[in-house]
Engineer: 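Take a look at this one; I'll ask things after.
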Amino acid sequence: AAGSLSAGVCVYAADDATHIYVLTAPEDHGWTGSVATFAKEKVEEVNNDGKYTAELITSANAAEQIVNIEDIVASGEDNIAVVIQPIDDTVQSAIQQLVDAEIPYVAFDRIIDGVSSSAVSNVKGDNEGIGAAAAAYFVSEGMTPGEAVYVYEGDTSSVTSLRDSGFTEYLTGELEYDGETIADDKKWTEDDLKSITYSGAMNWSRSDTKTSFESLLGDSANADIKWFYAEDDELAMGILEALQGGGIDDATKEAFLGNKPYITGCGGLDELYAVMRGESFQDIAEQCGGIVSVTYSPAMIQTAIQDMVDHLDGEEVEQDHVIACEIVNSDNVKDYQHALSAAEMTPQGFTTIALLMSVCIMWGMILSIFFNKRYLKRLGNDGAKSASGVGFGDSAMTAMFIGLVCAYVGSYIGAFVSGEGLFTCTGDWTPLIVVAVSAAVMALFVYLSEKKNMAWLESFSIAGSMLIGMAAAVLVRL
């Protein structure tokens with residue numbers, strides 16, 4: 001049986017079921033944090049399916065991840081498999097131990113060349129395609145050969161190298177994007193490519209990029225640079241925060257924005273999507289020629305886990321599994337929206353949510369001071385009855401209760417009927433079971449209290465129906 005080696009989601013495996021270990025960085029912040037969030041969702045799905053079991057193991061650094069892999073190998077368990085997002089290239093030696101122990105593994109995101117040929121599947125976004133997409137976007141917006149371009153690089157890994165080469169190879173006509181190559185009259189020569197400036201490793205850091213950009217525009221001559229290729233959405237946000245802050249001379253900032261600059265990011269960060277939705281940084285965004293992001297979703301970890309499940313099912317799995325990228329802009333960003341996850345919660349986001357909730361909630365207290373006495377008087381006035389003999393209080397409470405129930409039940413039905421595609425009827429039916437059980441229990445309580453003279457049960461009807469409904473949810477999930 002498999003137990004947890006580090007912080008994560010753990011389910012003990014049956015003796016005859018293959019247990020899948022999923023190893024990622026912690027669910028803390030940014031893109032890598034979101035990977036763990038999506039991994040947790042897929043692990044739960046695998047466990048609920050029941051054919052295999054899985055657990056998520058997070059590691060704060062490469063050394064901890066190596067120890068976790070070594071512990072898996074040393075356990076000597078049968079019927080195990082591994083899906084791993086290597087934290088850095090030093091994990092190669094530990095992955096080689098998996099290979100030597102004949103433990104099947106799928107690699108995600110960071111593909112280490114020395115062991116990639118031994119993997120069941122190497123799942124990654126199209127890093128070259130990301131560079132090509134950014135270049136294609138710039139060309140479509142009028143960038144001409146030899147114009148100054150500034151590239152904000154992530155780190156010194158192969159990911160950055162591929163995103164760099166994809167950008168330049170599209171410009172020279174060696175690489176296509178979306179099935180098309182650059183037009184002959186817009187191709188760049190090797191001399192033209194010398195106009196591209198590279199930042200060096202920003203360590204995928206927003207704050208490092210902000211500082212670097214402020215330093216860049218410390219020289220007013222750089223305000224003429226119009227094209228900024230940021231190899232991650234965090235880096236793009238660093239540029240926007242620098243432009244909104246006070247670290248750049250006002251005259252230089254005005255000249256820069258007057259040039260209608262273009263900024264591309266990559267990764268699927270909802271903060272940058274919010275800019276494209278028109279929800280933030282609009283004082284800056286409206287002065288830019290364009291702001292886009294190229295997809296490199298952390299949800300790809302779910303594809304990696306599914307590749308392992310398919311392999312265990314005996315299906316053929318593509319070893320070099322590259323997931324195509326797409327350009328997200330203000331026109332199509334609504335198609336890529338997703339809910340705010342704990343991994344993406346920022347202090348600014350939390351403050352905004354807390355402030356909004358406080359402002360909305362306090363009106364209930366304020367209005368109660370002025371109107372509560374009169375409202376309660378009418379609500380409890382038995383004499384204020386309609387021709388049917390029903391008072392205002394009874395009608396109001398009944399209407400509110402029915403409205404509340406309909407809102408929830410309607411959402412549950414919608415999720416079941418079209419939760420996984422329009423009218424597929426394959427969504428989660430657990431909430432509907434809970435509603436039905438709770439309603440039946442409530443009806444029983446009402447019957448006993450009114451027909452069997454057990455009036456004391458009325459005080460327990462709501463709590464009882466809720467508790468039994470929750471118990472039903474647990475039972476149907478066993």
Side-chain angles (χ1 to χ4, degrees), residues 1-29 31-88 91 94-110 115 119-123 297-313 315 317 321 341-343 428 430 473-474 477-478:
S4 177
L5 304 176
S6 180
V9 176
C10 177
V11 170
Y12 281 86
D15 291 338
D16 58 348
T18 299
H19 188 72
I20 304 171
Y21 291 98
V22 181
L23 286 76
T24 72
E27 189 179 10
D28 50 11
H29 66 278
W31 191 88
T32 54
S34 294
V35 168
T37 301
F38 284 110
K40 185 186 294 183
E41 291 179 2
K42 187 64 176 180
V43 163
E44 182 178 359
E45 180 184 320
V46 171
N47 288 324
N48 289 339
D49 187 56
K51 189 171 185 179
Y52 306 107
T53 57
E55 68 177 281
L56 173 65
I57 300 173
T58 61
S59 308
N61 51 54
E64 183 179 346
Q65 192 172 62
I66 290 170
V67 170
N68 284 332
I69 297 172
E70 290 175 342
D71 287 346
I72 290 172
V73 174
S75 69
E77 297 173 81
D78 295 326
N79 299 328
I80 60 174
V82 172
V83 177
I84 181 170
Q85 177 197 19
I87 290 179
D88 65 29
V91 182
I95 294 177
Q96 185 61 51
Q97 293 182 45
L98 294 174
V99 177
D100 295 341
E102 298 184 346
I103 298 172
Y105 84 94
V106 169
F108 166 68
D109 182 36
R110 184 185 293 272
V115 288
V120 169
S121 177
N122 296 295
V123 179
S297 173
M300 292 186 294
I301 183 66
Q302 297 187 346
T303 301
I305 298 171
Q306 187 60 47
D307 274 5
M308 178 56 75
V309 170
D310 291 344
H311 170 72
L312 295 174
D313 284 343
E315 298 179 21
V317 176
H321 193 160
S341 69
D428 186 7
T430 304
V474 174
R477 283 297 188 181
L478 290 178

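For clarity, every value in this text was computed on a predicted model and none was experimentally measured.
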Engineer: How close do Pro86 and Ile95 get, counting heavy atoms only, and between which atoms?
Structural biologist: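 So the minimum-distance heavy-atom pair works out to CG-CD1, 4.1 Å.
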Engineer: Glu44 and side-chain contact (heavy atoms from CB on, under 4.5 Å): which single residue from Val46, Asn48, Asn47 fits?
Structural biologist: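 That would be Asn48.
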Engineer: With rounding to the nearest 0.5 Å, note down the distance linking NZ in Lys40 to CD in Glu55.
Structural biologist: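 Answer for the NZ-CD pair, Lys40 versus Glu55, is 13.5 Å.
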Engineer: Kindly say whether Glu315 contributes a backbone atom to a donor-acceptor pair with the side chain of Asp313 at under 3.5 angstrom?
Structural biologist: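 No, Asp313 side chain to Glu315 backbone: no donor-acceptor pair under 3.5 Å.
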Engineer: Would you give the length of the straight line joining atom OH of Tyr21 to atom CD1 of Ile57, rounded to the nearest 0.5 angstrom?
Structural biologist: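 Between atom OH of Tyr21 and atom CD1 of Ile57 there are 6.0 Å.
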Engineer: Looking at Val43 and Ala54, what are the two nearest heavy atoms and their distance?
Structural biologist: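 Answer, listing the atom of Val43 first, then Ala54: CG1-O, 3.6 Å.
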Engineer: Applying side chain to side chain contact (heavy atoms under 4.5 Å, CB included) to Ile103 and Ile80, what does each step give before you reach the verdict?
Structural biologist: CA-CA 7 Å; Ile103 298 172; Ile80 60 174; 3.8 Å; yes
Engineer: Side chains of Val309 and Ile20: does their closest heavy-atom pair fall under 4.5 Å?
Structural biologist: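 Val309 vs Ile20: side chains touch.
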Engineer: For the residue pair Leu56 and Ala39, what are the closest heavy atoms and their distance?
Structural biologist: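 Result for this residue pair: CD1-CB, 4.0 Å.
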Engineer: Looking at every non-hydrogen atom in both residues, tell me the closest pair between Asn68 and Ser59 and how far apart they are.
Structural biologist: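 In this case the closest contact between Asn68 and Ser59 is ND2-OG, 3.0 Å.
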Engineer: So do Gln306 and Asp310 actually touch side chain to side chain, heavy atoms under 4.5 Å?
Structural biologist: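 Answer yes - side chains close enough.
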Engineer: Taking Asp307 for its side chain and Ser121 for its backbone only, find out whether a donor-acceptor pair lies under 3.5 Å.
Structural biologist: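 Not a single qualifying donor-acceptor pair exists.
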Engineer: Starting at CD1 of Ile301, measure out to CG of Leu23 and round the result to the nearest 0.5 Å.
Structural biologist: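 If I round to the nearest 0.5 Å, the distance is 9.5 Å.
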Engineer: Looking at Glu77 and Ile72, would you say the former's side chain and the latter's main chain have a donor-acceptor pair under 3.5 Å?
Structural biologist: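 It does not hold such a pair.
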Engineer: To the closest 0.5 Å, what do you measure between CD1 (Ile305) and OH (Tyr52)?
Structural biologist: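 Spacing of CD1 (Ile305) from OH (Tyr52) equals 14.5 Å.
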Engineer: Out of curiosity, Ile84 CD1 to Ile69 CD1, how far, rounded to the nearest 0.5 Å?
Structural biologist: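 The CD1 atom of Ile84 sits 3.5 Å away from the CD1 atom of Ile69.
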Engineer: Ignoring hydrogens, what is the shortest heavy-atom contact between Ala25 and Thr58? Give both atom names and the distance.
Structural biologist: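 Looking at all heavy atoms of both residues, the shortest contact is O-CG2, 3.7 Å.
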Engineer: Taking atom CG of Asp109 and atom OG1 of Thr24, what is their separation to the nearest 0.5 Å?
Structural biologist: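 The distance works out to 11.0 Å.
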Engineer: So does Ala299 get a backbone contact from the side chain of Ser297, meaning a donor-acceptor N/O pair under 3.5 Å?
Structural biologist: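 Yes, because the side chain of Ser297 sits within donor-acceptor range (under 3.5 Å) of the backbone of Ala299.
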Engineer: Would you confirm whether Tyr105, through its side chain, and Met308, through its main-chain N or O, come within 3.5 Å as a donor-acceptor pair?
Structural biologist: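 A pair under 3.5 Å: no.
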Engineer: Which atom names give the shortest non-hydrogen contact between Val123 and Ala304, and what distance separates them?
Structural biologist: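 Closest approach of Val123 to Ala304: CG2-CA, 3.8 Å.
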Engineer: Say whether, by atom type as modelled, one donor and one acceptor occur between the side chain of Gln65 and the main chain of Gln85 under 3.5 angstrom.
Structural biologist: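 Judged by distance alone, yes, a pair lies under 3.5 Å.
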